[in-house]
Amino acid sequence: MSHNPIRPWRDIERRKSRQVMVGNVPVGGDAPISVQTMTNTDSSDVKATLDQVIAAAEVGADIVRISCPDVGATAALKEITRESPVPIVADIHFHYKRAIEAAEAGAACLRINPGNIGDAGRVRDVVQAAKDHGCSIRIGVNAGSLERHLLEKYGEPCPDAMVESALEHIRLLEENDFREYKISVKASDVFLSAAAYQGIAEATDAPIHLGITEAGGLVSGTIKSAIGLGNLLWSGIGDTIRVSLSADPVEEVKVGFEILKSLGLRHRGINIISCPSCARQGFDVIKTVATLEERLAHIHTPMSLSIIGCVVNGPGEALMTDVGFTGGGAGSGMVYVAGKQDHKLDNDKMVEHIIGLVEKRAAEIEAETAADQV
C-alpha cells in the first residue's frame, strides 16, 4: 500500500495477491513492485548479454529477462545466470525443450506463452523442470498470439479471450500441482491491455506482471506505457512491471521507476521538480536540469530537488523538497534546504553547489536509515 494519512487522496490500495519468488526477488504480497527489462543482444553472446544485464541492474532493474530461442542461448544462460547481479527470467516461445534447458541452466523464472508452447504434455514437462530447479513461471498471454479456438470463439483478440486463455493455462499448472506462477495479459492496445488486466485481477490471486507490449519508441512508448500502466497501478493492480520500448533496456528501467515514483509506489534516486522555463527564467533551466540529471544519476537515495527558473512558483515548490534553487535575482538565486530559505548563490556556481548539497543530504539520509535499522 502507498499510504499517506496526512494526504489520503494520495493513497493507493494495492490488490491483495499471493507471493512468488523470482530468485531472491519476492513478487506479489506486500513486496515492493519490482522493475524488469529485457536484453536485446544475441543471447548466445555471453559478454554482450551480461554487460547489458549489469547496465540494467546498475540503474535499478530488479529482474532481467533473456530470450532463449535456441540451444546456443540456453547454453550461454548457465554462465550468464552465474555472473548476473539480478535474477534472470528465460523467455521461451515454441520450443518447450528450451524451457527445460533454461531451468537446468539456472534461470530463476520461465516465461511461457500458452498460445505457442505446445500441448498439455509439454507444459507438464516444463512444470516438472521448474519444480526440479526451483523456478517460478510467468504465464505470458499476448493478444497477438492467442490460441486458435479462442480466436474462433470470440472473433478477435478481446479482454474475455485473454482472460480465458490465462485461466486455461492456470488450470494446467495447478493440475500439475504448481502454484509458483505469476501472470501477464499484454496487448499493444492500451484499452485492451487495461481491460484484460482488470479481468484477470478479479479472477485470480496470482501476482500480476504488468506491461503494454510493443509500446513503441522511447517517447511514444513511454507515453503509452505511462497511461496504461499508470492507470492500472493507480487502481492497485500490478506486482512487477516491464516497460517495452524500442530503445536501450536501461531506458526501460528508468521509465519504469519514474512511473512508480510518480505514484509514490517506489522511491529510488532524485525526483527532480523543474519548470519548463519561460521568459521569466533567471538561468537556463533546461540545460541545468539536463546536467543535474546526468551528474546525479549515481544517487540512489530517495530525495527531491526543485529547480525553478523564477519566483512565481519556485518558493512554493521548494517548500516541499529536500533541496531547491529558485532563480529571479540579477545573476543569482535562492537556495532552499529542507523547504526553508538558506542562502543566496550566484547562478554560475549553482550546479556544483547543488550537487554538493544533494550528495551531503543523501549521505545524511543513508546514515539516519542505517541508525533506525540498528
Side-chain angles (χ1 to χ4, degrees), residues 14 17-41 43 49-68 73-74 76-93 99 102-103 105-113 130 133-140 142 180-186 197 206-213 215 225 229 232-233 237-245 247-261 265-269 300:
R14 282 181 63 187
S17 66
R18 55 191 171 79
Q19 189 173 96
V20 304
M21 299 298 295
V22 178
N24 60 356
V25 176
V27 177
D30 59 357
I33 297 170
S34 52
V35 176
Q36 304 191 26
T37 186
M38 186 173 181
T39 58
N40 55 28
T41 56
S43 300
T49 304
L50 192 55
D51 283 349
Q52 205 167 69
V53 170
I54 292 169
E58 286 176 346
V59 295
D62 301 295
I63 299 166
V64 175
R65 179 158 46 113
I66 296 175
S67 181
C68 295
T74 53
L77 198 65
K78 187 170 185 178
E79 184 174 349
I80 293 169
T81 58
R82 186 173 63 244
E83 300 296 330
S84 173
V86 295
I88 297 297
V89 176
D91 193 68
I92 309 297
H93 288 280
C109 180
L110 307 175
R111 187 272 187 173
I112 60 174
N113 187 319
H133 298 280
C135 299
S136 54
I137 288 178
R138 171 159 73 93
I139 298 169
N142 195 300
E180 296 301 305
Y181 61 82
K182 50 196 173 82
I183 193 156
S184 63
V185 282
K186 295 185 181 182
Y197 273 116
I208 286 179
H209 170 117
L210 287 186
I212 305 298
T213 195
S225 296
L229 303 190
L232 291 162
L233 290 164
I237 296 171
D239 301 290
T240 184
I241 67 170
R242 188 261 173 122
V243 176
S244 298
L245 303 175
D248 190 319
V250 164
E251 299 301 327
E252 294 189 349
V253 179
K254 290 179 179 178
V255 172
F257 264 103
E258 289 301 322
I259 291 172
L260 293 175
K261 282 164 64 177
L265 292 168
R266 282 289 292 271
H267 302 280
R268 185 183 192 275
H300 298 165

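What you are looking at is a predicted structure, and each value in this text was computed from that prediction instead of being measured.
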Evaluate the side-chain proximity of Val35 to Thr240: yes if any heavy-atom separation is below 4.5 Å, no if none is.
-> no

So, Asp62 and Arg268, do they make that salt bridge, N to O below 4.0 Å?
-> no

Is there side-chain contact between Lys182 and Val22, with at least one heavy-atom pair below 4.5 Å?
-> yes

Test log, rule side chain to side chain contact (heavy atoms under 4.5 Å, CB included), inputs Val89 and Val64 = CA-CA 6 Å; Val89 176; Val64 175; over 6 Å; no

Measuring from Glu180:CD to Cys109:SG, what's the distance to the nearest 0.5 Å?
-> 10.5 Å

Given Asp239 and Arg14, is the side chain to side chain contact (heavy atoms under 4.5 Å, CB included) satisfied, shown in steps?
-> CA-CA 9 Å; Asp239 301 290; Arg14 282 181 63 187; 3.0 Å; yes

Quick one: closest heavy-atom pair of Asn24 and Pro87, and the distance?
-> OD1-CG, 3.5 Å

Can you tell if the side chain of His209 reaches within under 4.5 Å of the side chain of Arg111, non-hydrogen atoms only?
-> no

Using a cut-off of 6.0 Å, state whether more than 12 heavy atoms not belonging to Lys78 lie near its atom NZ.
-> no

Rounded to the nearest 0.5 Å, the CD1 atom of Ile80 sits from the OG1 atom of Thr41 at a distance of 7.0 Å

Step by step, would you call Ile66 with Val53 a side chain to side chain contact (heavy atoms under 4.5 Å, CB included)?
-> CA-CA 9 Å; Ile66 296 175; Val53 170; 4.2 Å; yes

Any side-chain donor paired with an acceptor under 3.5 Å for Ser244 and Thr213?
-> no

Roughly how far, to the nearest 0.5 Å, is CD1 of Ile241 from CG of Leu229?
-> 6.0 Å

Inter-residue atom distance Ile112.CD1 - Asp91.CG, 0.5 Å rounding | 11.0 Å

Note: Tyr181 and Ala206 closest approach over all heavy atoms is CE1-CB, 3.5 Å

Heavy atoms only: give me the nearest Ala90-Ala107 pair and the separation to one decimal.
-> CB-CB, 3.9 Å

Residues Ser43 and Thr49: closest non-hydrogen pair is CA-OG1, 3.7 Å

Any side-chain heavy-atom pair of Asp30 and Gln19 under 4.5 Å = yes

Option among Thr37, Asn40, Asp248 that satisfies the side chain to side chain donor-acceptor pair (under 3.5 Å) test with Gln52 = Asn40

Residue pair Val86 / Ile63, side-chain heavy-atom distance below 4.5 Å | no

Roughly how far apart are Arg65 CZ and Met38 CE, rounded to 0.5 Å?
-> 4.5 Å

Residues Met21, Ser136; criterion side chain to side chain contact (heavy atoms under 4.5 Å, CB included); working and verdict | CA-CA 7 Å; Met21 299 298 295; Ser136 54; over 6 Å; no

Where do Tyr197 and Ser184 come nearest, in terms of heavy atoms and distance?
-> OH-CB, 3.5 Å

Would you name the heavy atoms of Cys68 and Leu77 that are closest together and state the gap between them?
-> SG-CD2, 4.0 Å

Pairwise distance CD1(Ile212) to CG(Leu232) - rounded to 0.5 angstrom | 7.0 Å

